[in-house]
Amino acid sequence: MSTPAPHWTTRAYPTAYRREYADEVSDLLSQVTADRGRLAGVLEQAAVLGHALRLRTGMDSARPGGRFLAGLLPLAVPVAASLCLTLLVVQQLPSLPWDGERAYTPLAYVPWLAVLGCALAGRWTAARIAAGAALLGAAASLPLVRWTDGAEGLAQNQATLAGLALAALLVLAAPPDLPPASGGARRTMALVALALGVPLLAGSVTVFQAVSGPFSTADARPDPLRLLFFFTPLVLAVPAALAVARARFGPALAALLIAGSVLAFVPVGWVQQMPYGTGGLWARMTGVTGVLALVVYAVLRTRERRTGW
Amino acid sequence: MTEQPLREPTLLLLTALADAPRHGYALIKEVDTISRGRVRLRAGTLYGALDRLLKQGLVRIEREEIVDSRMRRTYALTDAGSTLLAAEAERLRATADEAARRLGVGPIRPDGATA
């Protein structure tokens, strides 16, 4: 009897894995299609391709890259969602003289509220589907904003859209068998969303008097993106330090953060000199995160020795 | 460092292997049954998790056989996997019992009803 050919999707696997598992995975795909129908079969094939891609990029859950990616999710999701909520609110406000013309891309923002909502509810599969919508929304917004607001609208939004697309890719690329659905991960997401979202939103709707010329001022609101770059390192320092302290190579990672922070200052003093730049703050907070992680690590180790676990 | 609670897919997979060794598709069906249809593992998730659990020594390959001209592996818990699952079950039971005690509803039976 001849051996049936492995399913075409298994060709995406790295050679060694394909040699070991192509038959088994093909067998499973046939059984799912036979039992649950064609649509279920197609979804399984997509899952196999995703797994193959993770194996090829070293982002599967068996390797440190995949576990690191999974560890980033409770921080990345609330940051993206807080920014999107703020931009959606600011978009509704009447423009002030000093604001200039700003273009927004709500199609890229709305799905992130669903990503955060589903993630907080522990529905990680739904959160991944919403992240897929966020990725499509960001991609579709590029030509859309170019069409509605011209080259300037595109220039204003392309970095934000790229960032949001990257965050959506992060959610989709992270190993699905390590979902941030535990109580601790959901608590972290809720706290980061609150700690970042509230000042970001409050700051972005606050009207201040900008110096518009000699002896004259004009109503203005802070740019939400500048506020994001200011608040994010402050808010993430503590949860990032806790995550680093609990990681397998926590002390080494903390040392790396401290070294990176120092190196950022030594050769490139510009990070402090950029007008309104937050590079210096990011570099400083990276170092602070490393130091905090070492302190937390020491506290955890001491407690373990005392309690015996 | 302090042990973290198991992620749900890992807990469900180890539970699905607790009473008998199973192959890939049987594991997907068993996880579906254990979670009462709430968690449906996809092939990519299953093999990603199995790969990790094999490397961590929590799961082993029980046997390899040819079924319909294709290789099929059957997976089983290792001693370390059984120990870890038992510890997690104990942790969950202690939490559930404490919740039931504080609510004043008595111990929770395996079918979800209170005694």
Side-chain angles (χ1 to χ4, degrees), chain A residues 1-4 6 9 13 17 20-32 35-36 40 43-55 60-63 66-67 70 122 124-125 175-185 245-248 250 297 300-301 303-304 307 309, chain B residues 1-14 16 22-29 31-32 35 37-59 61 63-75 87-88 90-92 95 99:
Chain A
M1 198 161 75
S2 67
T3 306
T9 49
Y13 280 127
Y17 194 90
E20 284 288 310
Y21 287 96
D23 263 8
E24 192 178 333
V25 173
S26 303
D27 182 34
L28 189 145
L29 288 175
S30 316
Q31 290 182 68
V32 171
D35 278 11
R36 295 186 190 161
L43 290 175
E44 290 297 339
Q45 289 168 26
V48 167
L49 289 174
H51 181 220
L53 197 63
R54 274 188 283 276
L55 281 176
D60 57 298
S61 65
R63 283 187 275 185
R67 288 196 289 271
W124 188 242
T125 305
D177 56 310
L178 293 179
S182 67
R246 290 189 175 122
R248 197 170 167 199
Y297 179 81
L300 287 175
R301 286 303 299 256
R303 204 168 61 181
E304 268 175 31
T307 57
W309 56 272
Chain B
M1 290 267 89
T2 309
E3 289 290 335
Q4 300 274 318
L6 292 177
R7 310 274 180 123
E8 193 175 31
T10 308
L11 175 63
L12 288 169
L13 265 178
L14 295 182
R22 290 189 163 85
H23 63 82
Y25 189 50
L27 277 171
I28 288 182
K29 289 206 286 192
V31 165
D32 195 28
S35 67
R38 196 170 44 80
V39 176
R40 187 162 286 181
L41 286 185
R42 299 237 172 265
T45 312
L46 172 73
Y47 282 102
L50 281 175
D51 206 21
R52 175 168 50 86
L53 296 173
L54 283 165
K55 283 181 182 156
Q56 289 174 337
L58 300 173
V59 163
I61 294 170
R63 62 178 177 274
E64 297 178 334
E65 58 196 333
I66 304 294
V67 178
D68 293 335
S69 309
R70 273 181 172 151
M71 166 74 82
R72 180 181 285 179
R73 287 180 183 80
T74 301
Y75 299 90
E88 184 68 5
E90 182 53 41
R91 192 187 67 78
L92 291 171
T95 308

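Note that the structure is a prediction, hence the values are computed from the model and not measured. Convention: sequence-line order gives letters A, B, ...; per-chain numbering from 1.
Heavy atoms of L13(B) lying under 4.5 Å from chain A are absent altogether. Only the side chain of S30(A) comes within contact range of chain B, with at least one heavy atom under 4.5 Å from a heavy atom of that chain. No part of L49(A) comes within reach of chain B, as not one of its non-hydrogen atoms sits under 4.5 angstrom from that chain. Heavy-atom distances place both the backbone and the side chain of R52(B) under 4.5 Å from chain A. Heavy atoms closer than 4.5 Å to chain A are found in the backbone of L41(B), but not in its side chain.
With sequence neighbours left out, the side-chain contact (heavy atoms from CB on, under 4.5 Å) criterion links E8(B) to L12(B), R38(B), V39(B). Every residue meeting the side-chain hydrogen bond (donor to acceptor under 3.5 Å, both in side chains) condition with D27(A), not counting sequence neighbours, appears here in chain and number order: Q31(A), R72(B).
Between the side chains of E24(A) and Y47(B), at least one donor N or O sits under 3.5 Å from an acceptor N or O.
Nearest heavy atoms, L28(A) versus A43(B): CD2-CB, 3.7 Å.
With respect to chain B, the highest number of heavy-atom pairs below 4.5 Å among L178(A), D177(A), V25(A) belongs to D177(A). In terms of non-hydrogen atom pairs under 4.5 Å with chain B, the most contact-rich of S61(A), G183(A), P176(A), A40(A) is S61(A). Among G50(A), S182(A), P179(A), P175(A), the residue making the largest number of heavy-atom pairs under 4.5 Å with chain B is P179(A). Comparing R73(B), H23(B), K29(B) by heavy-atom pairs within less than 4.5 Å of chain A, the highest count is held by R73(B).
In this structure, the side chains of L46(B) and Y25(B) stay at 4.5 Å or more apart for every pair of heavy atoms. Within the 4.5 Å cutoff, the side chain of D51(B) has heavy atoms near those of the L55(A) side chain.
Checked against a 6.0 Å centroid threshold, the rings of Y17(A) and H51(A) count as neighbours.
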